[in-house]
Amino acid sequence: MTPTPPRPLQGVRVLDLSRVLAGPWASQILADYGADVLKVERPGSGDDTRAWGPPWWGDGPQRQSAYFICANRGKRSVAIDLTEPAGIEQVRALAREADVLLENYKVGQLAKYGLDAASLMPLNPRLIYCSITGYGQTGPLASKAGYDFAIQAEAGLMSITGQPDGEPLKVGVAVVDLMTGLYAATAILAALHERQHSGRGRVLDVALFDVQVAALANQASNQLVGGVTPRRMGNAHPNIVPYQAFATADGYLVLAVGNDAQFARFCDVAGHPEVARAPRYATNPARVQHRGELVPMVAQWLRQRSTAAWCAELDAAGVPCAPIHDIAQVMAHPHTQARGLVLPATEARPPMVAHPVCFDGQRPQADLAPPVLGNSEARWRAPIEAVDTTPS
């Protein structure tokens, strides 16, 4: 008998007025954790990403884009027109009984319909109202629409992504949207925990711009502490050497030497132990200082053997390294399969990537496939009966 997946948020009601990626990513996390998620969509068209194909799964009215599938499992869809009084009242009725409301409309847009936090919190003081916007509820850019690509540019990420002599590049997935969804989900969980003893909800202001500035991490710290503006370095690291991608005899290898002992072991494997003992290379600060001469030397060594040969020897020596896989290789990788990260297709569900966290060795998994537009009524599931956990 297959054990029931963990449901730590069972009984929590999430009213999801968000679309595209950041908001749906957050609500999918909550759905995986067992929350009852009602996704409110425009009648006829629904979430914008429903049309972002190919590729597609299914045919006719059941057809869904792969993009929509990646962020919407575990939800029920209700088609409600927010420009109509009846639709507004439906959402207000749902909000009265919701634990969480998640939305990513432009600042002030929902106030026109009486669906902003100021209008709904008096109806339900326990409501956790989470707004996701591009630039936040305040500041000179608050009214500006936010898109992942634009935020990667404006909040600094593209300035440090790409080759030094090439154009600035975005990351290959909408990483700001994904990080914003994660921050929103953790803030919602923190607010749910606080509400257990405060009895009151919270209004959460989550901005893509803020998240990307925070996610500059060590690069922002380098600027603030060192006063030197970080620049594009390709695959190199500003603070660690050697820590980048190198060509091998038949492909590429990422070498991620994190300390002096690892560098010494790398030099032993490469057949050049004397280099690790040289004062100009023995410590990481010295290697960073002499990057210009050390990196070409390491590059010459790595071109002498295949990627597989290097990985085998460096893994055995405890030197961090990895081959560079494409996504097809990742999906078919033995470790991906062993970890159960791919949920295979069934009659009721398209193939998907599983939730990445395990609870007591088991992954939480929402019990619903990504929804067909308007597949549900605008009402919550029946309340979960309390279980008496008092020791007998």
Side-chain angles (χ1 to χ4, degrees), residues 156-166 168-169 171-172 175 179 212-325 329-330 333-336 338-339 356:
L157 184 57
M158 289 180 65
S159 76
I160 55 172
T161 305
Q163 295 300 327
D165 56 351
L169 295 175
V171 179
V175 65
M179 291 189 297
Q212 179 50 66
V213 171
L216 291 172
N218 61 296
Q219 294 282 34
S221 190
N222 287 345
Q223 171 72 59
L224 295 172
V225 174
V228 177
T229 302
R231 302 296 182 189
R232 295 189 300 281
M233 298 181 64
N235 287 312
H237 195 288
N239 307 112
I240 312 172
V241 174
Y243 199 99
Q244 62 189 79
F246 291 94
T248 65
D250 63 350
Y252 288 90
L253 171 77
V254 164
L255 181 65
V257 170
N259 58 50
D260 299 337
Q262 291 174 357
F263 183 67
R265 295 197 297 273
F266 165 68
C267 290
D268 288 343
V269 172
H272 298 280
E274 73 286 353
V275 172
R277 294 193 292 268
R280 63 196 302 106
Y281 308 130
T283 67
N284 184 68
R287 292 193 295 276
V288 171
Q289 182 181 353
H290 299 287
R291 177 197 305 267
E293 59 195 56
L294 177 60
V295 168
M297 188 188 311
V298 171
Q300 184 179 8
W301 300 346
L302 287 168
R303 282 193 291 267
Q304 306 308 309
R305 306 178 201 172
S306 69
T307 298
W310 277 115
C311 285
E313 294 185 63
L314 293 175
D315 283 345
V319 178
C321 67
I324 299 175
H325 288 148
Q329 290 173 310
V330 173
H333 196 287
H335 196 75
T336 302
R339 293 288 295 170

Derivation of the side chain to side chain contact (heavy atoms under 4.5 Å, CB included) call for Leu294 and Arg291:
CA-CA 5 Å; Leu294 177 60; Arg291 177 197 305 267; over 6 Å; no

Under 30°, 30 to 60°, or over 60°: which ring-plane class applies to His237 and Tyr243, parallel, tilted or perpendicular?
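Because their plane-to-plane angle is over 60°, the rings of His237 and Tyr243 count as perpendicular.
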
Taking the inter-plane angle between the rings of His333 and His335 on a 0 to 90° scale, is it parallel (under 30°), tilted (30 to 60°) or perpendicular (over 60°)?
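His333 vs His335 ring planes: perpendicular.
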
If we check salt bridge (Lys or Arg N to Asp or Glu O under 4.0 Å) with Asp260, which of these qualifies: Arg265, Arg287, Arg277?
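Checked Arg265, Arg287, Arg277 against Asp260; only one passes salt bridge (Lys or Arg N to Asp or Glu O under 4.0 Å): Arg287.
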
Derivation of the side chain to side chain contact (heavy atoms under 4.5 Å, CB included) call for Trp310 and Asp315:
CA-CA 8 Å; Trp310 277 115; Asp315 283 345; over 6 Å; no

Gap between atom [atom2] of [Y] and atom [atom1] of [X] - 0.5 Å precision:
{"X": "Glu274", "Y": "Asp268", "atom1": "CD", "atom2": "CG", "result": "9.5 Å"}
{"X": "Cys321", "Y": "Gln262", "atom1": "SG", "atom2": "CD", "result": "10.5 Å"}
{"X": "Ile160", "Y": "Gln219", "atom1": "CD1", "atom2": "CD", "result": "4.0 Å"}
{"X": "His325", "Y": "Tyr252", "atom1": "NE2", "atom2": "OH", "result": "15.5 Å"}
{"X": "Asn235", "Y": "Thr161", "atom1": "CG", "atom2": "OG1", "result": "10.5 Å"}
{"X": "Leu157", "Y": "Leu169", "atom1": "CG", "atom2": "CG", "result": "10.5 Å"}

Worked verdict on Val275 versus Val298 for side chain to side chain contact (heavy atoms under 4.5 Å, CB included)
CA-CA 10 Å; Val275 172; Val298 171; over 6 Å; no

Note, [X] side chain near [Y] side chain (heavy atom, < 4.5 Å):
{"X": "Leu255", "Y": "Val257", "value": "yes"}
{"X": "Phe263", "Y": "Ile240", "value": "no"}
{"X": "Pro230", "Y": "Pro238", "value": "no"}
{"X": "Val254", "Y": "Gln244", "value": "no"}

Sequence neighbours excluded and cut-off under 3.5 Å, please list the side-chain donor-acceptor pairs for residues 278-286, or say none.
{"from": "Arg280", "atom 1": "NE", "to": "Glu293", "atom 2": "OE2", "distance (Å)": "2.5"}
{"from": "Arg280", "atom 1": "NH2", "to": "His290", "atom 2": "ND1", "distance (Å)": "3.2"}
{"from": "Arg280", "atom 1": "NH2", "to": "Glu293", "atom 2": "OE1", "distance (Å)": "3.2"}
{"from": "Arg280", "atom 1": "NH2", "to": "Glu293", "atom 2": "OE2", "distance (Å)": "2.8"}
{"from": "Tyr281", "atom 1": "OH", "to": "Glu293", "atom 2": "OE2", "distance (Å)": "2.7"}
{"from": "Thr283", "atom 1": "OG1", "to": "Ala286", "atom 2": "N", "distance (Å)": "3.3"}
{"from": "Asn284", "atom 1": "OD1", "to": "Val241", "atom 2": "N", "distance (Å)": "3.2"}
{"from": "Asn284", "atom 1": "ND2", "to": "Asn239", "atom 2": "O", "distance (Å)": "2.9"}

Between Asp250 and Arg305, is the closest basic N to carboxylate O distance under 4.0 Å?
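Judged by the 4.0 Å cut-off on N to carboxylate O distance, Arg305 and Asp250 do not form a salt bridge.
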
Test: Arg303 cationic atom under 6.0 Å from Phe246 six-membered ring centre, within 45° of axis:
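No, cation not above the ring by the 6.0 Å, 45° rule.
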
Is there a donor-acceptor pair under 3.5 Å between the side chain of Thr307 and the backbone N or O of Leu253?
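No, the answer is negative, given that no donor and acceptor are paired below the 3.5 Å cut-off.
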
Test side chain to side chain contact (heavy atoms under 4.5 Å, CB included) on Thr229 and Gln223; report intermediate values, then the result.
CA-CA 5 Å; Thr229 302; Gln223 171 72 59; 3.0 Å; yes

Provide the closest heavy-atom pair for [X] versus [Y] in the form atom of the first, atom of the second, distance.
{"X": "Gly166", "Y": "Arg232", "value": "O-NH2, 2.7 Å"}
{"X": "Ser306", "Y": "Ala249", "value": "N-CB, 3.9 Å"}
{"X": "Ala322", "Y": "Cys311", "value": "C-SG, 4.3 Å"}

